[in-house]
Amino acid sequence: MASLLLPLLFAFLVWLAPAEGHNITAILDGFPEYSVYNSYLSRTKVCDEINSRETVTCLVLPNAAMSALAAKQSLAGIKNALRLLTLLDYFDPQKLHDIPQGTTLTTTLYQTTGNAPGNSGFVNITNLRGGRVAFAAAAPGSKLDSSYTKTVREVPYNLSVLEISAPIVFPGLLDAPSAASSNLTALLEKAGCKTFASLLASSGVLKIFQSAMDKGLTLFAPNDEAFKAPGVPDLKSLSSAELVTLLQYHALPTYTPKSSLKTTKGRIATMASTGAGKYDFSVVSRGDDVSLNTGVDTSRVASTVLDDTPVCVLTVDNLLLPSELFGGAPSPAPAPAALTPSPAPSPAKEAPAPSPKSKTPKRKHRSPPAPPTPASEAAPAGSPQSAADKVADEKSAAVRPLGTLVAAAAVSALAALASIL
Ligand SMILES: *[C@@H]1O[C@H](CO)[C@@H](O)[C@H](O)[C@H]1NC(C)=O
Ligand SMILES: *[C@@H]1O[C@H](CO)[C@@H](O)[C@H](O)[C@H]1NC(C)=O
Ligand SMILES: *[C@@H]1O[C@H](CO)[C@@H](O)[C@H](O)[C@H]1NC(C)=O
Ligand SMILES: *[C@@H]1O[C@H](CO)[C@@H](O)[C@H](O)[C@H]1NC(C)=O
């Protein structure tokens with residue numbers, strides 16, 4: 001009986017999922033024949049763009065066809081191709097076969113980028129003889145050489161996933177310029193981040209960032225005002241190793257545009273997150289506003305300077321101060337538990353800190369974060385975690401019972417169903 005119920009339960013939970021917005025990654029996880037396509041959706045973050053749409057049709061390619069398309073292409077080129085395969089309308093097999101006059105142009109995600117000249121962001125769907133439904137780019141000279149093969153998933157009338165036989169491309173779609181060729185220094189200077197740019201150059205961190213630009217890099221560049229703000233620690237008091245760490249703390253080793261930051265949960269590892277310290281931070285998002293909370297301070301993500309897969313450059317209003325450097329505890333702590341001291345928010349910034357202050361143990365630091373102080377101030381006994389970690393734990397603990405409840409409800413519903421059958 002259980003062996004019968006388990007797949008049913010799984011199907012039921014998957015069926016429940018669209019009620020709170022669809023997750024194309026999770027849907028395609030159930031289909032190994034599209035795993036290459038699915039992995040590129042994640043790497044290019046086109047999955048986040050798809051999930052944010054209410055009405056969408058994904059034309060997916062089987063692994064062999066997707067691998068052939070992706071071979072020797074830049075990630076930016078592959079992203080263009082995936083966006084052209086995402087139709088901003090709902091097409092199930094019925095609707096495909098019933099297209100009025102047998103042909104139509106439909107808009108795609110690629111059209112929304114603003115980079116699509118003419119009608120190149122549209123896809124031509126045409127019913128051919130023998131019931132074949134063919135697809136082509138709307139760009140002139142494109143051939144109808146991709147066909148509908150089968151339906152993969154239908155969530156009427158929000159999300160449809162259809163398999164097609166071949167990619168839809170046109171000349172130029174895949175030759176997106178690689179972000180790896182852009183000049184970071186010039187870009188940062190133009191965006192009002194001259195101080196940050198010169199620190200990157202003088203510390204040698206620029207080279208580290210440049211070599212990461214092929215694989216994935218997200219930069220949070222503090223603007224020049226951020227370095228002059230009251231309460232900013234004196235960077236000259238840092239050793240050169242500490243300065244390198246601080247600068248690396250302003251970067252992620254992954255491509256994470258603002259739309260993806262919004263959906264992240266928990267703490268994010270930075271390029272400084274190796275070795276002894278943790279050097280991570282959490283994201284607080286409210287509507288379109290995204291802030292980064294280091295545990296010491298909070299900084300708003302101000303603007304996007306460059307969003308070119310796999311590189312994203314964003315500006316932030318404040319320096320990101322890792323608690324490992326500015327939290328006020330000695331760095332060479334004997335126990336790993338003492339590594340994360342209680343956060344000392346700077347009064348100069350109106351940090352929207354959601355943490356319940358009453359839970360925070362007695363703090364000595366009320367003033368702006370100071371450079372590491374002598375070994376006298378270890379974390380208070382009996383509080384092995386930082387307040388931020390505690391808050392995170394409490395949050396996930398609060399979420400867990402809900403999931404259990406839903407699962408329990410699903411099980412009882414299925415049991416009822418089984419008894420009827
Ligand atoms: C499905 O589409 C309708 C209208 O198009 C919308 O109101 C609803 O929120 C959508 N549901 C999801 C899960 O996106
Ligand atoms: C979508 O599902 C994948 C797992 O299949 C998960 O890793 C990801 O976090 C989910 N995305 C969202 C926005 O919930
Ligand atoms: C789609 O392409 C076919 C073949 O090139 C063409 O005959 C048809 O007019 C196009 N459909 C639309 C709506 O442009
Ligand atoms: C990048 O831009 C900076 C400032 O505009 C300039 O000094 C530098 O020579 C440029 N580097 C390269 C490799 O073009």
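Atoms within a ligand are numbered from 1 in the order they appear, just like the ligands themselves.
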Enumerate the atoms of ligand 2 whose separation from the nearest heavy atom of D29 is less than 4.0 angstrom. 4 (C), 5 (O)
Atom indices of ligand 2, in the order listed, that fall short of 4.0 Å to a heavy atom of A26: 2 (O), 5 (O)
Decide whether an N or O pair under 3.5 Å exists between T263 and ligand 2.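 Not met; the criterion fails.
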Would you give the length of the straight line joining atom [atom1] of [X] to atom [atom2] of [Y], rounded to the nearest 0.5 angstrom?
| X | Y | atom1 | atom2 | value |
| --- | --- | --- | --- | --- |
| N80 | L85 | CG | CG | 11.0 Å |
| C312 | K45 | SG | NZ | 10.5 Å |
| S146 | I168 | OG | CD1 | 5.0 Å |

Which residues pass the salt bridge (charged side-chain N to carboxylate O under 4.0 Å, His left out) test with K262, not counting sequence neighbours? D288
Would you mind running through ligand 3 and noting each atom that sits below 4.0 Å from a heavy atom of L144?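 Numbered from 1, ligand 3 contributes 4 (C).
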Which N/O atoms of ligand 4 sit under 3.5 Å from a protein N/O, and at what distances?
from, atom 1, to, atom 2, distance (Å)
ligand 4, 2 (O), N183, OD1, 3.3
ligand 4, 2 (O), N183, ND2, 2.4
ligand 4, 11 (N), N183, ND2, 2.9
ligand 4, 14 (O), N183, ND2, 3.4

When you compare ligand 3 with T103, is there at least one nitrogen or oxygen pair between them that comes in under 3.5 angstrom?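 Between T103 and ligand 3, an N or O pair is found under 3.5 Å apart.
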Please determine if R300 and D317 form a salt bridge, counting it only when a charged side-chain N lies under 4.0 Å from a carboxylate O. yes
Under the ring-ring contact (aromatic ring centres under 6.0 Å, His included) rule, what do F220 and F281 come out as? Steps first, then yes or no, please. CA-CA 12 Å; F220 299 102; F281 54 68; 5.8 Å; yes
